[in-house]
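Take a look at the structure below.
Whatever order the structure lists them in is the order used to number ligands and atoms, beginning at 1. Positions are given from 1, in the same order as the sequence printed here.
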Amino acid sequence: MPTKITAAITAIGGYVPETKLTNADLETMVDTNDEWIRTRTGIEERRILRGEGLGTSDLAVPVVKQICEKRGISPEEIDCIICCTVTPDMVFPATANVIADKVGAKNCWGFDLQAACSGFLYGVTTGAALIESRRYKKVIVVGADKMSSIIDYSDRQTCIIFGDGAGGILLEPNTDGFGILDSILKSDGSGRQYLHMKAGGSVRPASAETVANKEHFVYQEGQSVFKFAVKGMADVSAELLERNGMTGDDIAWLVPHQANKRIIDATASRIGLPSEKVMLNIQKYGNTTAATIPLCLWEWRTQLNKGDNIVLAAFGGGFTWGATLVKWAY
Ligand code: UT7
């Protein structure tokens, strides 16, 4: 019997742009107020990528560079880059190809993976399978989104939530049982009616009319998404623990997608975790879509200990949702 291989997380990187968009700034743009945003979402400010010609790859490149530096490897050693995003630099080629070119990852292949706010979990699960196949030894999964490029800053229901950012991890083979241990991923395409972008795809290509109708922005029926998200994220996290014979007591950290603090609180309480064990940075960055979970891991990196059991959980457009169990490797 060959030794069992798991995919361990061996390095983390994160990046947020300098420019802050605060609740006070939004008060000058739409009919909203700081108190409403804080109490309904938990958000105080978000980061915005400014600058002509800059896109999602420019958020991801510093992440990949940090990962290589921390692990002491050259970009040429990377086997594969999976870029999880809903805001690719262009419809094609894949942003993963652009990132690889910009960092000098000359020997890697890669692709973009689109599962909205659950993108990072889908990416980690896919990356882990590549490692477990024994064909690849160094897979980078980066979640990156320049949400400001698809947000209508006159729509107060959506513009208050989203921000720009990127985070990522390196996956490598491990024979001691550390790393990505289990994932439950789900999807329900009928949820697309509540959260989508109407134009710019093959059904409704860009035209003067779609631009005039503001159809290239995020369309979200917030309340409906909220209801599905609370149930979806809490249920799947509980299912993951049950399947692995664990309770909240066995878990060192919950790393939830940061869409709304109320959704996060509901998930934590469902699996019996106190707030001290829940990573929360929504107040600083808002909802950075595929980047929220790796940005949390990056911010908490010095507090993670070898052997910690960590649950990553997300819910987002699609609908897509899921939870992943990780045993921290270093
Ligand atoms: O990450 C991907 C998945 N996305 C999510 O998980 C997001 C899920 N949804 C949400 O987080 C919340 O639904 C929102 C934050 C988007 C909205 O919060 P809500 O508590 O669901 O608000 P609501 O839509 O039920 O609106 C409540 C009230 C309404 O006024 P009336 O009709 O009660 O008078 C809205 O018009 O709040 C009003 N409102 C606002 N007021 C001030 C909506 N947006 C704002 C605003 N500022 N920005």
Side-chain angles (χ1 to χ4, degrees), residues 21-46 84-87 114-122 143-148 150-165 167 185-197 217-237 255-268 270 279-283 285-296 312-323:
L21 180 68
T22 65
N23 289 352
D25 294 329
L26 286 167
E27 284 179 7
T28 68
M29 297 158 71
V30 287
D31 180 15
T32 191
N33 60 78
D34 176 54
E35 219 254 310
W36 191 96
I37 303 173
R38 275 174 201 256
T39 53
R40 305 305 291 173
T41 70
I43 303 170
E44 294 167 21
E45 58 189 35
R46 324 105 192 98
C84 313
T85 187
V86 288
T87 52
Q114 206 270 63
C117 298
S118 310
F120 189 72
L121 294 193
Y122 277 45
D145 270 301
K146 183 186 170 188
M147 292 306 292
S148 61
I150 56 167
I151 293 301
D152 174 2
Y153 285 96
S154 66
D155 173 3
R156 69 176 183 171
Q157 230 218 43
T158 53
C159 74
I160 53 144
I161 302 179
F162 293 99
D164 302 341
L185 301 177
K186 309 210 180 205
S187 79
D188 177 0
S190 68
R192 68 190 182 280
Q193 60 181 304
Y194 303 113
L195 182 51
H196 58 258
M197 191 194 292
F217 294 124
V218 172
Y219 170 85
Q220 175 171 261
E221 292 178 26
Q223 233 181 46
S224 306
V225 178
F226 185 90
K227 276 185 214 143
F228 284 104
V230 164
K231 183 163 176 8
M233 212 160 105
D235 282 357
V236 76
S237 303
V255 193
H257 170 54
Q258 315 273 310
N260 188 317
K261 185 170 182 299
R262 290 182 290 144
I263 301 172
I264 295 170
D265 291 345
T267 304
R270 174 72 188 279
M279 294 189 193
L280 188 81
N281 60 13
I282 194 172
Q283 69 282 3
Y285 307 135
N287 181 351
T288 53
T289 302
T292 59
I293 290 175
L295 269 177
C296 280
L312 320 178
F315 186 95
F319 292 136
T320 55
W321 67 106

Any protein heavy atom nearer than 4.0 Å to [atom]:
| atom | value |
| --- | --- |
| atom 1 (O) of ligand 1 | yes |
| atom 43 (C) of ligand 1 | yes |
| atom 22 (O) of ligand 1 | yes |
| atom 47 (N) of ligand 1 | yes |
| atom 11 (O) of ligand 1 | yes |

Only heavy atoms of [X], strictly under 4.0 Å: list the atoms of ligand 1 that pass.
| X | answer |
| --- | --- |
| Asn287 | 1 (O), 2 (C) |
| Ala259 | 1 (O), 5 (C), 6 (O) |
| Ile161 | 16 (C) |

Pairs of nitrogen or oxygen atoms closer than 3.5 Å, one from Gln220 and one from ligand 1: do any exist?
yes
Return yes or no for this condition: an N or O of Gly222 is under 3.5 Å from an N or O of ligand 1.
yes
Say you draw a straight line from [atom1] of [X] to [atom2] of [Y]; how long is it, rounded to the nearest 0.5 Å?
| X | Y | atom1 | atom2 | value |
| --- | --- | --- | --- | --- |
| Asp31 | Leu26 | CG | CG | 12.0 Å |
| Tyr285 | Thr292 | OH | OG1 | 12.5 Å |
| Asp145 | Thr87 | CG | OG1 | 3.5 Å |
| Lys261 | Ile263 | NZ | CD1 | 12.0 Å |
| Leu312 | Ile293 | CG | CD1 | 5.5 Å |
| Asp188 | Phe228 | CG | CZ | 7.5 Å |

Heavy-atom pair of closest approach, residues [X] and [Y]:
| X | Y | value |
| --- | --- | --- |
| Val30 | Tyr153 | CG1-O, 3.5 Å |
| Ile160 | Ile43 | O-CD1, 3.8 Å |
| Leu121 | Gly322 | CD1-O, 3.2 Å |

Counting only heavy atoms, tell me which of Arg262, Gln157, Lys261 gets closest to atom 19 (P) of ligand 1.
Arg262
Option with minimal heavy-atom separation from atom 6 (O) of ligand 1, where the choices are Thr39, Asn260, Ile263:
Ile263
Backbone of Arg40 reached by a side-chain donor or acceptor of Arg262 within 3.5 Å:
yes
Counting heavy atoms only, which part of [X] comes closer than 4.0 Å to ligand 1: side chain, backbone, both or neither?
| X | answer |
| --- | --- |
| Trp36 | side chain |
| Ile37 | neither |
| Thr32 | both |

Give the residue and atom name of whichever protein heavy atom lies nearest to [atom], and the separation in Å to one decimal.
| atom | result |
| --- | --- |
| atom 36 (O) of ligand 1 | Arg156 NH2, 2.8 Å |
| atom 20 (O) of ligand 1 | Arg40 NH2, 2.8 Å |
| atom 25 (O) of ligand 1 | Gln223 NE2, 2.5 Å |
| atom 3 (C) of ligand 1 | Val225 CG1, 3.6 Å |
| atom 15 (C) of ligand 1 | Thr41 CG2, 3.6 Å |

Over 60° means perpendicular and under 30° means parallel, so classify the ring planes of Tyr194 and Phe319, tilted if in between.
parallel
More than 12 heavy atoms from other groups under 6.0 Å of CD on Gln193:
yes
